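Accompanying notes for the structure given below.
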Amino acid sequence: MAANDMKLVVVGAAGRMGQTLIRVIHETDGVTLHAAVEREGSAFIGKDAGELAGVGTLGIPLTTDPLRAFLDAEGVLDFTAPAGSVTFAGLAAQARIVHVIGTTGCSAEDEEKFKAAARHARVVKSGNMSLGVNLLGVLVGQAAKALPAAGWDIEIVEMHHKHKVDAPSGTALLLGEAAAKGRGIDLASQSVRVRDGHTGPRPAGTIGFATLRGGSVVGDHSVLLAAEGELVTLSHSARDRSIFARGAVAAALWARDKKPGFYSMLDVLGLS
Ligand code: NAD
């Protein structure tokens, strides 16, 4: 550990992303694991974070006490669940540190709480922390702007592993927002999230979502722009969770010297 390393806490440390974050922090210069937090009742409390993540003993046992874990920390990497992320946002704001939020499935009220916390904390939140998906979002926005809504229908298809609990994915919604912004429409009122039974013809101008779940798929997304006689497909396939973890660590380092505020990966990557 170098003297100027950024001290990071991983919350949800025993999860798929939590373990990947511990590995990526271990491999990355300029950052160090300060503490590792899990929920009450987790079977992994007291276990060494490094051993759990397969990088050898780090001398950092998993704890249930975020307040203590955030003491002297500079940033929190949070891929947990909406209720946990709301709690961590309040604590990160009190500690005035960086809070990188990758958790998806958050409600509009949760988002308000993150924005309130961002008055004191430097919050970076994104439904997808990878460079590839954020670039894809920019391209989708350009395509949606260039192709007239009257003739071009937009559909977003995603597939994830069978353990995923929210749908559509945070990334599908991020891509939907990019398309809606490109078209100058409101996604919430113009999206079709489910189709079943006699739905009638497709309402013009809407953005449709389709969700597939199965196996161990890390995350596949396609945005289809369909017109009479032609189809444009823009897609991304995540092969390894480390792309999200590397993005989250890059976000923490980027936010280290920023003012309190609510930022996205587009800000971090210079794509905004
Ligand atoms: P997971 O279920 O494997 O891990 C989540 C972990 O968080 C679990 O170990 C759970 O015990 C822990 N946890 C939940 N609530 C907690 C709390 N209050 N305090 C402490 N720990 C808590 O799930 P995962 O696949 O790692 O995904 C986690 C989240 O990250 C999901 O919302 C997922 O959609 C999202 N995700 C986002 C990105 C991105 O780039 N933004 C990428 C992958 C996954």
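Bear in mind the structure is a predicted one, so any value in this text is a computation, not a measurement. Starting from 1, each residue takes its place in the sequence as its number. In what follows, every heavy atom counts, from backbone to side chain, and hydrogens, waters and symmetry copies are set aside. First listed ligand is number 1; within each ligand, the first listed atom is number 1.
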*Got a sec, which residues hit salt bridge (charged side-chain N to carboxylate O under 4.0 Å, His left out) with D166, two or more places apart in sequence or on another chain?*
K164
_Could you check whether atom NZ of K7 has more than 12 heavy atoms from other residues, nucleotides or ligands sitting under 6.0 Å from it?_
yes
*Against heavy atoms of K164, which atoms of ligand 1 measure under 4.0 Å?*
34 (O)
_Within reach of ligand 1, part of H163 (heavy-atom separation under 4.0 Å)_ = neither
*E38 side, atom CD; T80 side, atom OG1 - distance, nearest 0.5 Å*: 9.0 Å
*Euclidean distance, L91 CG relative to F70 CZ, rounded to 0.5 Å*: 5.5 Å
_Testing the 3.5 Å rule here: is there a donor-acceptor pair between the side chains of S237 and R239?_
yes
*Hey, does F88 sit under 4.0 Å from ligand 1 if you only count heavy atoms?*
yes
*What residue and atom, counting heavy atoms only, is the protein's closest point to atom 16 (C) of ligand 1, and at what distance?*
R39 CB, 3.9 Å
_Distance flag, aromatic centroids of H99 and H120, threshold under 6.0 Å_ = no
*asked:* Side chain or backbone, does T103 bring an N or O within less than 3.5 Å of an N or O on ligand 1?
replied: no
*Side chain, backbone, both or neither: the part of S126 lying under 4.0 Å from ligand 1 by heavy atom*: backbone
*Which of these passes side chain to side chain contact (heavy atoms under 4.5 Å, CB included) with F209: I154, V194, V157, L173?*
L173
*Tell me which protein heavy atom sits closest to atom 5 (C) of ligand 1, plus the residue, atom name and distance to 0.1 Å.*
F79 O, 3.8 Å
*Would you confirm whether E51, through its side chain, and T57, through its main-chain N or O, come within 3.5 Å as a donor-acceptor pair?*
no
_Polar contacts were defined as any N/O atom of the residue lying under 3.5 Å from an N/O atom of the ligand; does this apply to R241 and ligand 1?_
no
*Can you find an N/O atom of G102 closer than 3.5 Å to an N/O atom of ligand 1?*
yes
_Just to confirm my output: which protein heavy-atom neighbour is closest to atom 40 (O) of ligand 1, and how far is it?_
M129 N, 2.9 Å
*Considering distance alone, does some N or O of V37 sit under 3.5 Å from an N or O of ligand 1?*
no
*asked:* Suppose I only count heavy atoms of M17 and a 4.0 Å limit; which atoms of ligand 1 are within that range?
replied: 26 (O), 43 (C), 44 (C)
*Atom indices of ligand 1 within 4.0 angstrom of G84 heavy atoms, with elements*: 18 (N)
*H236 NE2 to I243 CD1 distance, which is reported to the nearest 0.5 Å*: 4.5 Å
*Which of the atoms of ligand 1 are close to G127, meaning less than 4.0 Å from one of its heavy atoms?*
39 (C), 40 (O), 41 (N)
*Note the single closest protein heavy atom to atom 2 (O) of ligand 1, along with its residue, its atom name and the distance in Å.*
R16 NH2, 3.7 Å
_Within ligand 1, which atoms have a heavy atom of G12 less than 4.0 Å away?_
6 (C), 7 (O), 12 (C), 21 (N)
*Between the side chains of S235 and H221, is a donor N or O closer than 3.5 angstrom to an acceptor N or O?*
no
*Nearest heavy atom to atom 4 (O) of ligand 1: which of A14, P82, G15 does it belong to?*
G15
*What distance separates R183 CZ from I207 CD1, expressed to the nearest 0.5 Å?*
6.0 Å
*Can you find an N/O atom of E38 closer than 3.5 Å to an N/O atom of ligand 1?*
yes
*Electrostatic pair R122-E74, nearest N-O below 4.0 angstrom*: no
*For atom 34 (O) of ligand 1, what is the nearest protein heavy atom, given as residue, atom name and distance?*
T104 OG1, 2.6 Å
*What is the closest protein heavy atom to atom 14 (C) of ligand 1, and at what distance does it sit?*
T80 CB, 4.0 Å
